[in-house]
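Structure, as structure tokens:
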Amino acid sequence: MATNLSAPPLSPYLSSHNHHRRRCPLHFTSSLRLSATKRCPIAASKRAPPLPSAVAGEQHSASLAEQLKPLSTTTLSDQPNEAQLLSKPKSTWVNPTKSRPSVLSLQRHKRSSSYSHNPQIKDLRNFAKKLNDCEESQFSAVIEGIPHPPTRENALLVLNSLRPWQKTLLFFGWVKAQNAFPMETIFYNVTMKSLRFGRQFQHIEGLALEMVEKEIPLDNITYSTIITCAKRCNLFDKAVEWFERMYKTGLMPDEVTYSAVLDVYAKLGKVEEVMSLYERGRASGWKPDAIAFAVLAKMFGEAGDYDGIKYVLQEMKSIGIQPNLVVYNSLLEALGKAGKPGLARSLFEEMVESGVSPNEKTLTALIKIYGKARWARDALQLWERMSLNGWPVDFILYNTLLSMCADLGLVEEAEKLFEDMKGSEKCKPDSWSYTAMLNIYGSGGSVDKAMVLFREMSEAGVQLNVMGCTCLIQCLGRAKRIDDLVNVFEFAVENGVRPDDRLCGCLLSVVSYCDGKDASKVLACLERANKALSAFVKVLSGDESTDFDALKEEFKRILSSTAVEARRPFCNCLIDICRNRDHHERAHELLYLGTLYGLYPGLHTKTEDEWRLNVRSLSVGAAHTALEEWMGTLAKIVQRKESLPALFSANTGSGNHKFSQGLGSAFASHVEKLAAPFTESEGKAGLFTATREDLVLWLQSRVA
DNA sequence: CTAGGGTTAG
């Protein structure tokens, strides 16, 4: 998911950007001329007369999708071609020395003077209010009481004041039927705005098609409204479709449409298309503004792309755009997602120094970052600064602070905050707050406190959610309070919690360390949540031998219907279940399958001097299985007298989390039991090493 | 609000 951060500093599309700039200086001069013509240079290529044979062809017939391919993959090679690409039949060539494009820069519409000086304004507003408030059935009756004739200005004023989309649509229909004046674009735009409020994409599209039919021009406002409405309705294909239509008409996108469309592609995860459109916009004279950069920052954050974030910063600097609060917030969050807490911290300081005050979202982002990074000192210092400076706090920020406490194991701080919330008027703990507390008590093993909270929740009328349920079940399982566990599970299901894969994984892990009756009770819960999984567990735990291929197929079927983040935990638990029931052979088979399906990437790493087994993400049983498997393989290599490196190591990790269970110590005792020559390194907790000589001796002794 | 665009929680 995240890009490889050890990759070269610039992403491919970024270097293609530079490449493009270097090679196509003419692009800029041409576009400056073009910019005053209200025509999109991308579209122009489609309408251009046949190009000279050598450069005609693909660009002439290219679709928008093709046009949006990264420039590195399209061949914009020689300069005459560029000039051709940008020229078009009806372009009006203006003085090329004119300083800046005029079309692309945003021209907000001023409130027309009839709005402020219209003495009828009060009557019309009251009338609009009546329309807003009346029953739909009375609409036609009310509308007849319009206090002044529906002139263009009057109609616009009323249309602008209608809230529910149904009323807007009815009124618009009425105005059209009056036939008092020709309909202009603005009427459609205002109506669409109201429809967008009600997320009525169907109606918006209907109106847009009506405009096309009646040859009423669609402008940037129309298109951006259509596109953002589609976006809000999650109809991304529709958003793209309408941008394509706009492109075909040759209308030049302005700043608003640009950032709206960039956001559409960004939300589709189409980074390359975003960058390509960005480059083309830049090349045609578009000056991106803060909103466009906020969109880019968010996109790179979602992709975990640090190079992309650097690029955004660099572009803003070179264009001379100072980040505003929203851009800072997007950048901070992006840095968090890209795993750069240190850079987030320094960017935050830079932001404060530049005079931009953080808001709730800024602080939420940072607290979350520090929590995830387990930077307790920074988190607490920031918390202190928040209250010292009187920085704004809201409900989400409170809950984020609680979650951070859970991540860092700050039990007392969390309890204090939780009590403060209970005492407050506006920020009473909700299910998020309770979940955070259940997480804290659950991971800390404070079962009784967790159960007190559980009871308190239902008294306070706060719903238990799936994560809170998972936390509770985890800690009840560890405490072997299986009857309570079953009760909590049943309560949760009865109260609308729909078990997800994480909850199933949690039940599965409890099954792995329970025996007999307890295991059956938990398995019965699992059966209600995931039939296939519980059936598979029964097969694995049973004594009948199973065909490997059948096992493989079923395991594959289960994994493919499991959320990606829960697949490895499933496999880990299943291996533990096999081992705890002395089905070691099956444990090895499952580890093999897990590796086959990519659940354990980087399990083995080899350099010339050292071979390493990385078991940090494995459960105890899986780690043992992996070690045994490895030793078996090495024994064969020794037998075959093949060459081996000087050093062998196994890494369990040290477990940064305050509440983490000791994989390291479990691994140490397993190594001891096997009398294997691995010893834990002095300075590095969780790193076990063995020399070739010791290991070979031991392997040979085992065979003998 | 002044016909259109961006940011908060496992």
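Quick caveat: nothing in here was measured; it's all calculated off a predicted structure. A note on names: the letters A, B, ... follow the listed sequences, proteins ahead of strands, and every chain is numbered from 1.
- The phosphate of B/dG5 has OP1 or OP2 within less than 4.0 Å of a side-chain N or O from A/R196.
- In this structure, A/I227 places its CD1 atom 15 Å from C1' of B/dA3, rounding to the nearest Å.
- Within a 6.0 Å sphere centred on NZ of A/K317, other residues, nucleotides and ligands contribute 12 heavy atoms or fewer.
- Protein atom CH2 of A/W432 is 10 Å distant from nucleotide atom C1' of B/dT8, rounded to whole Å.
- Taking only side-chain atoms of A/T364, from C-beta outward, the nucleotide of B/dG5, B/dT8, B/dG10 with the closest atom is B/dT8.
- Checked against ring pair (Phe, Tyr, Trp, His ring centres under 6.0 Å), A/F181 has the following partners two or more places apart in sequence or in another chain: A/F187.
- Here B/dG4 is the nucleotide among B/dT8, B/dG6, B/dG4 with the atom lying nearest to any side-chain atom of A/N220.
- The same atom, P, is picked in B/dG10 and in B/dG6; the two are 22 Å apart, to the nearest Å.
- With hydrogens and angles ignored, no donor-acceptor pair closer than 3.5 Å exists between the side chain of A/N439 and the base of B/dG10.
- Nucleic acid contact for A/T435: base, since at least one base atom lies under 4.0 Å from a heavy atom of the residue.
- Contact between the side-chain N/O atoms of A/K368 and the OP1/OP2 oxygens of B/dG10 is found at a separation under 4.0 Å.
- Distance from the side chain of A/K361 is smallest for B/dT8 among the nucleotides B/dA3, B/dG5, B/dT8.
- At a cut-off of 3.5 angstrom, counting only N and O atoms as typed in the model, there is a donor on one side and an acceptor on the other between the side-chain of A/N324 and the base of B/dG6.
- Across the P atoms, B/dA3 and B/dT7 are found 23 Å apart, a figure rounded to whole Å.
- With B/dG6, B/dA9, B/dA3 as the candidates, the nucleotide lying closest to the side chain of A/D430 is B/dA9.
- The listed nucleotides are B/dG4, B/dA9, B/dT8; the one nearest the side chain of A/V256 is B/dG4.
- Closest to the side chain of A/N359, from the set B/dG10, B/dT7, B/dG5, is B/dT7.
- One finds no side-chain N or O of A/K298 lying less than 4.0 angstrom from the OP1 or OP2 phosphate oxygen of B/dG5.
- Across the P atoms, B/dC1 and B/dG5 are found 14 Å apart, a figure rounded to whole Å.
- Following rounding to the nearest Å, A/F300 (CZ) and B/dG6 (P) show an atom-to-atom distance of 18 Å.
- Atom OH in A/Y370 sits roughly 17 Å away from atom P in B/dA9 (whole-Å rounding).
- At a threshold of 4.0 angstrom between heavy atoms, the contacts of A/S403 with the nucleic acid are absent.
- Regarding A/I396, its CD1 atom lies at a distance of 5 Å from the C1' atom of B/dT8, rounded to whole Å.
- Using a 4.0 Å cut-off between a side-chain N of Lys or Arg and a carboxylate O of Asp or Glu, A/E241 and A/K238 qualify as a salt bridge.
- Looking at A/S224, its side chain comes within 3.5 Å of the base of B/dG4 through a donor and an acceptor atom.
- Residue A/L195 contributes atom CG, which lies 13 Å from atom P of B/dG4 at whole-angstrom precision.
- Note on A/V190: only backbone sugar-phosphate atoms sit closer than 4.0 angstrom, heavy atoms only; bases stay farther off.
- If you check B/dG4, B/dT7, B/dA9 against the side chain of A/N399, the one that comes closest is B/dA9.
- More than 12 heavy atoms of other residues, nucleotides or ligands sit less than 6.0 Å from atom CZ of A/R152.
- Taking side-chain N and O atoms only, A/K267 has a distance below 4.0 Å to OP1 or OP2 of B/dT7.
- Taking a cutoff of 4.0 Å between a charged side-chain nitrogen and a carboxylate oxygen, A/K416 and A/E419 do not qualify as a salt bridge.
- Between the CD1 atom of A/I309 and the P atom of B/dT7 there is a distance of 16 Å, given to the nearest Å.
- Looking at the side chain of A/R502, the nearest of the listed nucleotides B/dC1, B/dG5, B/dG10 is B/dG10.
- Ring to ring, A/Y434 and A/F418 are close: their centroids are under 6.0 angstrom apart.
- No donor-acceptor contact under 3.5 Å links the side chain of A/T257 to the base of B/dG5.
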For residues 327-336 of chain A, dump all side-chain donor-acceptor pairs below 3.5 Å to protein atoms at least two apart in sequence or in another chain.
{"residue": "A/N329", "atom": "OD1", "partner": "A/T362", "partner atom": "OG1", "Å": "2.6"}
{"residue": "A/N329", "atom": "ND2", "partner": "A/N359", "partner atom": "OD1", "Å": "3.2"}
{"residue": "A/S330", "atom": "OG", "partner": "A/V326", "partner atom": "O", "Å": "3.0"}

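- Between B/dG5 and A/R232, a contact under 4.0 Å exists linking OP1 or OP2 to a side-chain N or O.
- A close approach under 4.0 Å does occur between a side-chain nitrogen or oxygen of A/K193 and OP1 or OP2 of B/dG4.
- For A/D289 against B/dG5, a side-chain-to-base donor-acceptor contact under 3.5 Å is present.
- With rounding to whole Å, A/Y328 atom OH is found 19 Å from B/dT7 atom P.
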